[in-house]
Each structure stands twice: as C-alpha cells, then as structure tokens.
Amino acid sequence: MSSSCYGQGEGDYYRFLDSANVTVDINSQKTLQFLDSIPKPLEENIKGRIAEYYSVKALIHDEHNEYTKFQQSNILALKYAVEEDNYCIAGQASLDLHTDKYLIAADTADTKYLDKAKMYLEKCEEDKYAVLQIETMQSYYKSLDGKFKESNAILLNRLNYYRSIKDEVGYYYMFANYMLASNYLQLKNLQEAHKYLKRLKKLKNNKTILLYNYKSFMASIDLFFAEIYFEKTQIDSTFYYLTNASKNTKYMVGDALQDYYELSARAHKHSNNIEMSKAYIDSLVMYGNNLFVDNLGASFDVNNDLLNAESELIEQKNQKASILKIVFWLLGFIVLVSLIYYFFYVKQRVHLKKVEDKTKGLSYLKSNNEQLTVKVHGLEAYIKNLKKEVKDIATTKCLEEQKSRIKELYTNLHINSSTILDKSESHLELINELNIDFFRKIDETYPQLNKSEVIICYYILIGFNNKEISVFLNTSIRSVESKRYRISKKINFDKERTTLVEHLHKTFKDTLHSTIHDN
C-alpha cells in the first residue's frame with residue numbers, strides 16, 4: 001500500500017498511524033503497510049507521534065521474533081517518547097528493553113531500564129494501572145528463575161485487586177491466572193493448575209483483553225500440560241494438549257513454538273510414528289534457520305541504519321560548515337561594503353565641502369568635467385591593460401592554467417569593472433582573442449547562434465559550470481540554464497545519446513588543441 005492511494009494534505013499521514021494502531025493486534029502485515037505509507041522524514045510528517053510509530057513497529061517485530069529489530073525499535077520509541085513527554089510509551093519501551101536484556105543477554109543484575117520503566121509508568125496519566133506491569137513482570141522473572149512459589153506469592157497477594165479492575169483493564173487478572181496456572185504446573189500441582197486455568201478460560205470473551213494475548217497464554221498452558229503428561233508417559237493426554245496447542249501456533253512466541261515442535265517430534269517418536277517425528281524435526285530445523293536468517297537480516301538492516309545515520313550526521317555537519325562559511329563570507333562582504341560606503345561617503349562630503357567653499361555654479365561644473373576626463377582616461381588605460389592581459393592568457397599552453405586565469409580575470413572584471421560585462425558584445429570582443437579558431441569554427445558551423453550563445457558555448461567547452469558562467473556574464477544561473485536549453489534546440493545533435501557538453505567537445509576539440517599548442 002502506498003501513500004498515493006490516499007490524500008496527502010497536511011496531517012493526512014497521522015491517519016496511517018491511527019490505522020496501524022487499530023490493526024496491530026489483528027493483522028501485522030496490514031499494520032506494516034500502514035506504517036510504510038508514512039514517508040520520511042518522520043519529524044515532518046508525524047511530528048509529535050514518532051514514539052508511537054516505533055512502539056507499533058516493536059510490537060510487529062516481537063510478533064515475528066525479530067529480536068534485533070525489536071530492540072532497535074524500542075530504543076527509538078524510548079528516545080522519542082522522552083522528547084515528546086509520552087510517559088506511557090517511554091515506560092513500556094523501557095520495560096521491554098529490560099525484559100529483552102534479562103532474557104536474551106541473561107543480565108539479571110542491571111536494573112537501569114527497569115528503574116526507568118517504573119519512573120515513567122508512574123507518570124502515565126492515560127493508563128493509571130500501567131505501573132502494575134512492574135510487579136507482574138517481577139513475578140514473571142521469578143518464574144523464569146525457577147522460583148515458582150515466590151512468583152505465586154507476588155500474584156496471590158494482589159489477585160483480588162487485579163480482579164477488581166478487570167472490567168476496565170482485564171489484562172492483569174488474565175496474566176495473573178496464566179502465571180499461577182503455569183507455575184502450579186511446574187510445581188506438579190495439577191489441581192491448583194486446573195483451578196486457575198478454569199478462571200483463565202472464563203476471560204476468553206472479555207472485551208478489555210486482546211484476543212492475541214489470550215490465545216498466546218492458552219497455547220503456552222497447553223504446552224505445559226503436554227510436557228507434564230509426556231513426562232508421565234501418558235501419550236494420549238500429551239497428544240490431546242499438543243492438538244489444542246497446534247490451534248494457536250501463530251500466537252506462540254519463539255521459544256514456545258520451538259518447544260512445540262520439539263515435544264511433538266518426541267511424542268511421535270515415542271509412538272513409533274517416525275515419519276511424523278521427522279516432519280516435526282524438519283519444522284524445528286526450518287524454523288531455526290528462518291529465525292537465524294531473519295535476525296541476520298535484521299542485523300544488516302540495523303547496521304545499515306547506523307551507517308545511514310552516521311552519513312546523515314556527517315552530511316549535516318558538512319552542510320552546517322558550508323552554511324557557516326557562507327555566513328562569514330556574507331558578513332565579511334557586508335562589512336567591506338559598509339567600509340567602502342563609509343569612506344566613499346566621508347570622501348564625498350569632504351569633496352562637496354571643498355567644492356562649495358571654492359566656487360558655485362560654473363566653477364563647480366568645470367571641476368566636475370575635469371574629474372570626468374581623468375576617469376575616462378583611467379578607464380581607457382584600464383581597458384587597454386585588460387586586452388593585454390587577454391592576449392597574454394591566449395598564449396598560455398596549459399588549458400587548466402588558462403581556465404584558472406580566465407576565472408581570475410573575470411572575477412576582477414566583476415568586482416572592478418562590471419559595466420564592461422553588462423553587454424555581451426563587449427564581452428565577446430574581450431574573450432574572442434582567447435581562442436580565435438573556436439570562434440571562427442563555431443560561426444561557420446552554427447551561424448544561427450547569437451553572440452551571447454556563442455560565449456556560453458565557449459565557457460561550456462572549457463569546463464565552466466552554470467554558476468561560474470553566470471558570474472562572468474553578470475547574469476543569473478536561471479538565465480544561463482535557459483540559454484543552454486535554447487542552444488540545444490538550435491544545434492542539431494542526438495540529444496538522447498549525448499549531452500551538449502559532449503557534443504561541443506567532440507565538435508570543437510581540435511580548436512582546444514590549437515589553443516594549447518599553436519603558440
């Protein structure tokens with residue numbers, strides 16, 4: 001699903017996030033499509049809800065047992081949740097990260113994320129019961145460590161309280177009954193296990209709990225029963241509970257699904273059904289391979305994300321450095337112009353005062369005319385020196401050196417004598433001597449080009465870009481681009497296979513050769 005299927009007005013991308021929240025517990029594939037429909041950068045398109053975006057992604061990765069991506073999404077969810085003051089998501093992400101570290105890294109001593117989870121969940125105003133996740137997870141950790149009685153003690157002390165809030169948030173009462181049933185199974189107390197399993201089953205149609213969570217818990221309980229009866233070699237009961245568990249395999253977490261395949265293989269082998277046993281072993285191997293491939297791919301994705309993030313940081317750093325250079329250049333230019341203006345202003349004030357003191361009327365005009373004559377003579381001398389410099393550049397044998405000197409010449413022209421560059425005719429007279437062969441040949445080959453277009457062709461030929469050409473001609477980059485387009489329209493060449501630059505080089509490269517060697 002692409003975003004083109006929907007409107008893209010301001011705020012429209014929040015719809016995709018809302019839809020993802022609705023479908024995350026029903027159809028993870030559709031949820032992922034909704035999330036992928038939100039274009040990057042997220043900071044512009046779903047500002048203020050980026051934590052929610054990564055929180056939903058974490059749920060999808062958890063469902064698919066993509067541990068690396070699950071951890072990465074939770075880290076990002078926590079980062080943005082803190083920035084957005086979304087304490088509910090910050091607490092949930094912290095708790096998931098702690099659980100992930102507890103289970104995967106087997107690091108039971110580090111409580112950094114658990115402490116953060118408690119701090120954030122206590123601030124979660126949207127869900128006043130969210131902090132209960134801490135004590136239920138502590139019970140879960142006790143069970144994982146084999147301390148089943150201690151795990152039960154935590155839950156039994158709070159069970160009545162969990163029941164009292166079940167109409168509003170039934171999850172905690174459901175989770176408590178699941179943990180009690182599974183713990184009693186581990187303690188081989190089937191009577192108590194059935195007692196709490198019966199309570200768990202009564203919650204199936206409770207509107208405040210998610211069907212996904214309920215079926216996941218039921219699948220795990222069925223597996224626990226199957227293991228108990230297999231240890232007692234009661235194979236019929238084992239297959240009964242394995243059959244029940246098979247109905248909910250898509251809701252099983254990774255470890256539970258592996259246990260299901262392994263126990264099924266052992267049970268069929270015990271019943272001398274070797275073919276079915278091999279089939280479940282193959283399923284177990286295939287699942288393990290897929291899990292390895294998925295996590296390997298996730299690792300590559302994470303590394304690519306890190307590399308891209310590093311590249312973006314470097315690019316941003318370079319952009320900031322470039323902006324700073326431009327700012328300093330502009331400040332320097334402004335200061336320089338201000339100084340020139342100041343000195344010019346002071347000089348003119350002094351000059352005017354002197355003129356007023358000396359004479360009024362005709363004497364003033366005479367003085368002006370004399371000064372104008374001096375300026376004209378100075379301008380004539382300046383132009384004479386320019387033409388001498390142009391001839392000197394024309395004798396340069398190295399093309400790169402010639403380009404460099406041309407840039408320097410026209411930079412000086414642009415600063416000191418921009419009026420000379422205002423007319424393309426004068427400009428052509430100046431540069432015509434740089435490469436007489438080129439201008440002679442292009443006039444013969446393309447007489448339809450006007451003088452300004454010929455000048456641009458020459459600059460393109462010797463390797464100047466649009467920005468440089470615009471500076472030399474004292475015009476805009478847009479104007480140069482427009483003229484290049486008109487040149488391409490006037491010149492007849494295969495525009496699908498070659499560019500204007502390539503065509504000019506191919507047609508007039510011999511004139512460049514003559515510039516280098518004739519002198």
- Do Q234 and Y240 pass the side-chain hydrogen bond (donor to acceptor under 3.5 Å, both in side chains) test, and can you show the C-alpha distance, the side-chain angles, and the key distance before you say yes or no? CA-CA 10 Å; Q234 297 179 16; Y240 170 79; over 6 Å; no
For [Y], does its backbone N or O pair with a side-chain atom of [X] as donor and acceptor, under 3.5 Å?
X	Y	result
S216	N213	no
S470	K467	yes
D145	K147	no
E44	P41	no
K483	I456	no
T23	S19	yes
Y14	K47	yes
E453	R486	no
S164	Y161	yes
T249	A245	no

Flag the pair [X] / [Y] as yes when at least one side-chain heavy-atom distance between them is below 4.5 Å, and no otherwise.
X	Y	value
L17	Y13	no
V501	R484	yes
K232	I228	yes
L190	F225	yes
I60	L35	yes
Y120	L78	yes
L500	F493	yes
F464	Y458	no

- Item | Listed once per pair and sorted, the side-chain hydrogen bond (donor to acceptor under 3.5 Å, both in side chains) pairs that draw on residues 176-202, sequence neighbours left out |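 Those involving residues 176-202 are S143-N183, S151-N183, N152-N183.
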- Query: How would you list all residue pairs meeting side-chain hydrogen bond (donor to acceptor under 3.5 Å, both in side chains) that involve residues 268-281, not counting sequence neighbours?
  - Reply: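 Every pair satisfying side-chain hydrogen bond (donor to acceptor under 3.5 Å, both in side chains) with a residue in residues 268-281: there are none.
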- Item | Partner set under side-chain contact (heavy atoms from CB on, under 4.5 Å) for A58, not counting sequence neighbours |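 In terms of side-chain contact (heavy atoms from CB on, under 4.5 Å), with neighbours along the sequence ignored, A58 is linked to F70, S73, N74.
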- Item | CG (N492) with more than 12 external heavy atoms under 6.0 Å |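 It does not: N492 CG has 12 such atoms or fewer within range.
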- Message: Just checking K495: does its NZ atom have more than 12 heavy atoms from other residues, nucleotides or ligands closer to it than 6.0 angstrom?
- Response: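 Check passes, neighbour count above 12.
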If you measure from [atom1] on [X] to [atom2] on [Y], what distance do you get to the nearest 0.5 Å?
X	Y	atom1	atom2	result
Q133	Y140	CD	OH	14.0 Å
D259	F224	CG	CZ	8.0 Å
L155	K142	CG	NZ	12.0 Å
L242	F239	CG	CZ	7.0 Å
L187	F148	CG	CZ	6.5 Å
I491	L504	CD1	CG	5.5 Å

- Regarding E135 and Y172, is there a side-chain donor-to-acceptor distance under 3.5 Å anywhere?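 There is no such pair (donor and acceptor under 3.5 Å, judged by atom type) between the side chains of E135 and Y172.
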- Query: Quick one: do the Y141 and E150 side chains pair a donor with an acceptor below 3.5 Å?
  - Reply: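 Their side chains do not contain a donor-acceptor pair, so the 3.5 Å distance test is not met.
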- Message: For a salt bridge (Lys or Arg N to Asp or Glu O under 4.0 Å) check, start with the C-alpha distance between E481 and R478, then their side-chain angles and the critical distance, and finish with the verdict.
- Response: CA-CA 5 Å; E481 292 173 345; R478 180 62 181 165; 3.7 Å; yes
Closest heavy-atom pair and its distance - [X], [Y]:
X	Y	result
H503	T498	N-OG1, 3.9 Å
A265	I281	CB-CG1, 3.7 Å
A219	M252	CB-CG, 3.8 Å
A176	L159	CB-CD1, 3.7 Å
T208	G170	OG1-N, 2.9 Å
A77	A51	O-CB, 3.6 Å

- Query: Yes or no on side-chain contact (heavy atoms from CB on, under 4.5 Å) for Y162 and T136, after CA distance, side-chain angles and deciding distance?
  - Reply: CA-CA 10 Å; Y162 296 152; T136 54; 3.7 Å; yes
